[in-house]
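Both ligands and their constituent atoms are indexed starting at 1 by order of listing. All of these numbers come straight from a predicted model, not from anything done at the bench. Note that these values count all heavy atoms, side chains included, but never hydrogens, waters or copies made by symmetry.
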Amino acid sequence: MPSRKSPGHRPSHALVLFDIDGTLIRRAGPHHRQALVEAVRKVTGLESTTDSIPVQGMLDPDILTIMMKHAGARPGQIRSAMPELIRIAQNVYSRTCPDLQRKVCPGARRVLRALNRRGIPVGLVTGNLTRIAWKKMEQAGLRSYFRFGAFSETAKDRAGLVRRAIREARQEEWIDGSAKISLIGDHPNDIRAARAIGIRAIAVATGIETREVLEAEKPDLLLDDLRSLSLEELVGC
Ligand SMILES: [Mg+2]
């Protein structure tokens with residue numbers, strides 16, 4: 001794999017990781033859920049739904065597992081179908097994802113632009129499958145801000161995803177050993193994942209959860225939205 005280091009590269013003293021849904025974009029429509037339902041139908045013939053599943057803050061493969069379970073599938077069947085479910089769900093979403101430029105959360109573009117300008121590496125940590133995540137970023141006009149990401153089919157939980165992202169940033173020497181690392185998300189699961197790894201948890205109340213619910217998880221910082229995030233919070237010591 002070619003090195004992604006630029007000439008004259010110096011490791012950054014900060015890394016910022018972003019959740020997608022409810023954090024960078026919101027009200028993105030039913031297409032993601034529909035892609036999961038369509039994948040289950042195509043691969044197994046089963047009719048399923050996400051209706052009773054609290055999908056916010058969950059990883060796509062876990063959502064697919066519950067959908068299959070509710071539709072009557074056995075654990076063995078779910079396990080063996082999973083690789084194909086993941087492949088088809090991404091194909092369907094890539095085909096059906098709408099334009100998301102107007103779904104970008106307030107302040108998101110400004111923060112990303114400012115981080116890029118300062119040369120601070122920016123990554124995704126999301127419950128979305130890889131190609132679904134990148135498609136959303138592309139359709140929202142945010143793709144170019146991100147250097148890399150950790151996606152739901154590559155770890156068993158969100159903390160595992162955060163760990164992967166940090167490991168990659170260190171291996172690529174994008175960050176130094178004492179870099180200040182923050183995870184920005186809209187759900188208690190984002191805050192808990194940051195806590196589990198020992199990095200900064202920044203919560204934004206732009207998703208489905210209320211300020212009160214987020215506050216109860218004691219994030220390092222709780223914001224109404226990204227407009228009130230100062231770069232010093234992310235970069236400063
Ligand atoms: Mg979210």
Side-chain angles (χ1 to χ4, degrees), residues 16-36 50 53-64 66 89-90 93 97 100 102-109 111-112 122-140 142-143 145-146 148-165 181-197 199-229 234:
V16 186
L17 303 170
F18 285 86
D19 166 59
I20 292 181
D21 300 305
T23 301
L24 292 169
I25 58 172
R26 58 182 172 179
R27 303 188 192 105
H31 313 81
H32 188 165
R33 286 166 175 262
Q34 285 168 355
L36 302 183
T50 59
I53 306 172
V55 295
Q56 286 81 17
M58 286 181 66
L59 307 190
D60 281 351
D62 295 337
I63 299 170
L64 284 164
I66 297 174
Q90 294 181 102
Y93 190 78
C97 177
L100 298 173
R102 302 184 65 177
K103 308 294 181 182
V104 175
C105 288
R109 241 182 263 281
V111 170
L112 292 170
V122 180
L124 293 167
V125 169
T126 171
N128 290 194
L129 298 168
T130 302
R131 282 190 286 130
I132 291 181
W134 285 130
K135 187 71 185 179
K136 283 183 186 174
M137 291 300 91
E138 194 184 304
Q139 294 297 90
L142 301 177
R143 173 68 183 88
Y145 295 114
F146 289 91
F148 73 120
F151 307 98
S152 61
E153 74 275 31
T154 63
K156 70 175 187 356
D157 57 27
R158 203 170 279 268
L161 294 176
V162 179
R163 243 182 246 116
R164 279 186 78 95
I181 307 174
S182 308
L183 175 66
I184 307 181
D186 69 304
H187 193 275
N189 287 353
D190 299 309
I191 303 170
R192 288 176 202 144
R195 287 262 170 277
I197 309 299
I199 62 170
R200 282 187 96 226
I202 299 179
V204 282
T206 41
I208 202 163
E209 299 296 351
T210 62
R211 261 193 93 94
E212 290 67 35
V213 168
L214 296 171
E215 195 143 42
E217 299 290 331
K218 299 193 174 21
D220 295 292
L221 194 63
L222 172 57
L223 307 168
D224 286 334
D225 61 50
L226 289 171
R227 283 177 298 191
S228 38
L229 181 60
L234 300 172

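- Taking the Mg ion (ligand 1) as reference, Asp21 places its N/O/S atom O nearest.
- Inclusion of Asp19 in the first shell of the Mg ion (ligand 1) is supported: an N, O or S atom falls under 2.8 Å.
- Contact of the Trp134 side chain with the Asn128 side chain is not registered, since no non-hydrogen atoms from C-beta on lie closer than 4.5 Å.
- A donor and an acceptor atom, one from each side chain of Thr130 and Glu153, are located under 3.5 Å apart.
- Shortest non-hydrogen contact noted between Arg158 and Val125 is NH1-O, 3.9 Å.
- Listed for the Arg26 side chain is no donor-acceptor partner under 3.5 Å among the backbone atoms of Asp21.
- Shortest distance from the Mg ion (ligand 1) to Asp186 is reached at OD1 (N/O/S atoms only).
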